[in-house]
Student: 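Once you've had a glance at the structure underneath, I'll fire off some questions.
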Amino acid sequence: MKVAILLLALLGYAMADCNNMQRLKVKQQWSQAYGTGHHRAEVSLALWKAILAQVPEAKDLFKRVNGDDIKSPEFTAHIIRVMGGLDIAISLLDNKAELDAELAHLKTQHFDRHIPNAYFDAFKNALGEVIPATLGRCYDEAAWSTCFDVIANGIKQ
């Protein structure tokens, strides 16, 4: 019984970490889902629609970028910048030193803008809707969950 409990605990610990295989899988799946060109704008808009459906009051954070009209050029430019930050973080998942530096940079930006930590949960949930809709059955929920937590926890206050 003690051995079974220990094995379950070790399994839970291993699954709670974003291991090297999961990091590479998320990078590959992100590249496929995020794509290039206009597809990036479409994925970005879908993600932000999902975020704002969960936390409509988040629009208040985006007044300076015309958050009342999520299809406006100002808001589109903003979401592309945010997605660029996510793209960089995902591309650095397998390079700890550079990832830590990027997350420290993003943390200061989010701190300055007073982004509540709960919004990271909404972002994660939105990714969990949009990415599998793009990838289909190849989506690895466990890898995305644990690896996004690495990114979010590096940015949260």
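Keep in mind that this is a model prediction, so the values were computed, not measured.
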Student: Are side-chain heavy atoms of Arg23 and Lys27 found at a separation under 4.5 Å?
Tutor: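 A side-chain contact under 4.5 Å is absent here.
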Student: Nearest 0.5 Å, please: how far is NZ in Lys25 from SG in Cys18?
Tutor: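 Here the rounded value is 11.5 Å.
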Student: Ignoring hydrogens and angles, state whether a donor on the side chain of Lys71 or Thr76 is under 3.5 Å from an acceptor on the partner side chain.
Tutor: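 No donor-acceptor contact under 3.5 Å links the two side chains.
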Student: What residues form a side chain to side chain donor-acceptor pair (under 3.5 Å) with Glu129, not counting sequence neighbours?
Tutor: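 None.
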Student: Determine the sole option in Leu106, Ile90, Leu92 for which the side-chain contact (heavy atoms from CB on, under 4.5 Å) test with Ile151 is passed.
Tutor: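 Checked Leu106, Ile90, Leu92 against Ile151; only one passes side-chain contact (heavy atoms from CB on, under 4.5 Å): Ile90.
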Student: Is there a donor-acceptor pair under 3.5 Å between the side chain of Glu102 and the backbone N or O of Leu99?
Tutor: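 A pair under 3.5 Å: no.
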Student: Below 4.5 Å, heavy atoms only, C-beta onward: do Glu57 and Tyr119 meet side chain to side chain?
Tutor: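 Sidechains of Tyr119 and Glu57: in contact.
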Student: If I take atom CD from residue Glu74 and atom CD1 from residue Ile79, how far apart are they, to the nearest 0.5 angstrom?
Tutor: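 That separation rounds to 12.0 Å.
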Student: Can you find a heavy atom in the side chain of Glu141 that is under 4.5 Å from one in the side chain of Pro132?
Tutor: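 They are not in contact (no side-chain heavy atoms under 4.5 Å apart), so the answer is no.
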Student: Please round to the nearest 0.5 Å and tell me the distance separating atom CG of Leu127 and atom OG of Ser145.
Tutor: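 Interatomic distance, Leu127 CG to Ser145 OG, rounded to 0.5 Å: 10.5 Å.
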Student: Under a 4.5 Å cut-off applied to non-hydrogen side-chain atoms, are Lys107 and Gln157 in contact?
Tutor: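 Yes, side chains in contact.
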Student: Hey, are the side chains of Asp87 and Met83 touching, using non-hydrogen atoms and a 4.5 Å cut-off?
Tutor: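 The answer is no, as the side chains (C-beta and beyond) never meet within the 4.5 Å cut-off.
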Student: Kindly determine whether Phe62 and Val65 satisfy side-chain contact (heavy atoms from CB on, under 4.5 Å), including the steps that lead there.
Tutor: CA-CA 5 Å; Phe62 306 112; Val65 291; 3.7 Å; yes
Student: So, for Ala89 and Leu103, which heavy atoms are closest and what is the spacing to 0.1 Å?
Tutor: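 Here Ala89 and Leu103 meet closest at CB-CD2, 4.3 Å.
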Student: Whether Lys63 and Asp68 form a salt bridge (side-chain N of Lys/Arg under 4.0 Å from carboxylate O of Asp/Glu) is what I want to check.
Tutor: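 The answer is no: the pair does not qualify as a salt bridge.
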Student: Who pairs with Lys96 by salt bridge (Lys or Arg N to Asp or Glu O under 4.0 Å), at least two apart in sequence or on another chain?
Tutor: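 In terms of salt bridge (Lys or Arg N to Asp or Glu O under 4.0 Å), with neighbours along the sequence ignored, Lys96 is linked to Asp100.
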Student: Give the minimum heavy-atom separation between Tyr34 and Ile80, together with the two atoms involved.
Tutor: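 Scanning both residues completely, I find the closest heavy atoms to be OH-O, 4.5 Å.
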Student: State whether the number of non-hydrogen atoms from other residues, nucleotides or ligands found under 6.0 Å of Asp60 atom CG is greater than 12.
Tutor: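 For Asp60, atom CG is crowded (more than 12 foreign heavy atoms under 6.0 Å).
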Student: If you round to the nearest 0.5 Å, how far is CG of Leu24 from CG of Asp94?
Tutor: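 Rounded to the nearest 0.5 Å, the CG-CG separation comes to 5.5 Å.
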Student: Can you tell me how far CD of Glu42 sits from NE2 of His38, rounded to the nearest 0.5 angstrom?
Tutor: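 Between atom NE2 of His38 and atom CD of Glu42 there are 8.5 Å.
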Student: Would you check, one step at a time, whether the test side-chain contact (heavy atoms from CB on, under 4.5 Å) holds for Lys124 with Asp149?
Tutor: CA-CA 8 Å; Lys124 181 179 181 177; Asp149 287 347; 2.8 Å; yes
Student: So Val82 and Trp48, do their side chains get closer than 4.5 Å, heavy atoms only?
Tutor: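 Yes, at least one pair of side-chain atoms sits under 4.5 Å.
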Student: Is the shortest side-chain heavy-atom distance between Leu47 and Ile131 below 4.5 Å?
Tutor: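 Contact flag for Leu47/Ile131 side chains = no.
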Student: Is a side-chain donor-acceptor pair under 3.5 Å present for Asn125 with Gln54?
Tutor: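 Distance-only check passes for Gln54 and Asn125.
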Student: Give me the atom names and distance for the closest heavy-atom approach of Ile51 to Ala122.
Tutor: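 Shortest heavy-atom separation between Ile51 and Ala122 comes out as CG1-O, 4.0 Å.
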Student: Which of parallel (below 30°), tilted (30 to 60°) and perpendicular (above 60°) describes Phe120 and His110?
Tutor: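 Phe120 vs His110 ring planes: tilted.
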Student: Will you find, in the side chains of His105 and Gln109, an N or O donor that is under 3.5 Å from an N or O acceptor?
Tutor: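 Yes.
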Student: Is there a side-chain contact between Gln29 and Val26 (heavy atoms, below 4.5 Å)?
Tutor: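 Counting from C-beta outward, Gln29 and Val26 never come under 4.5 Å.
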Student: Please evaluate residues Asp17 and Thr146 with respect to the criterion side-chain contact (heavy atoms from CB on, under 4.5 Å), reporting the C-alpha separation (whole Å), side-chain torsions for both, the decisive distance (0.1 Å), and the verdict.
Tutor: CA-CA 6 Å; Asp17 185 30; Thr146 59; over 6 Å; no
Student: Should the pair Phe75 and His78 be assigned to parallel (<30°), tilted (30 to 60°) or perpendicular (>60°) ring geometry?
Tutor: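 Answer is tilted, since the angle falls between 30° and 60°.
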Student: Just how far is it from atom CD1 of Ile70 to atom CG of Leu52, taken to the nearest 0.5 Å?
Tutor: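 The CG atom of Leu52 is 6.0 Å from CD1 of Ile70, to the nearest 0.5 Å.
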Student: May I ask you to check whether Trp144 and Phe148 place their ring centers less than 6.0 Å from one another?
Tutor: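 Not under 6.0 Å, so no.
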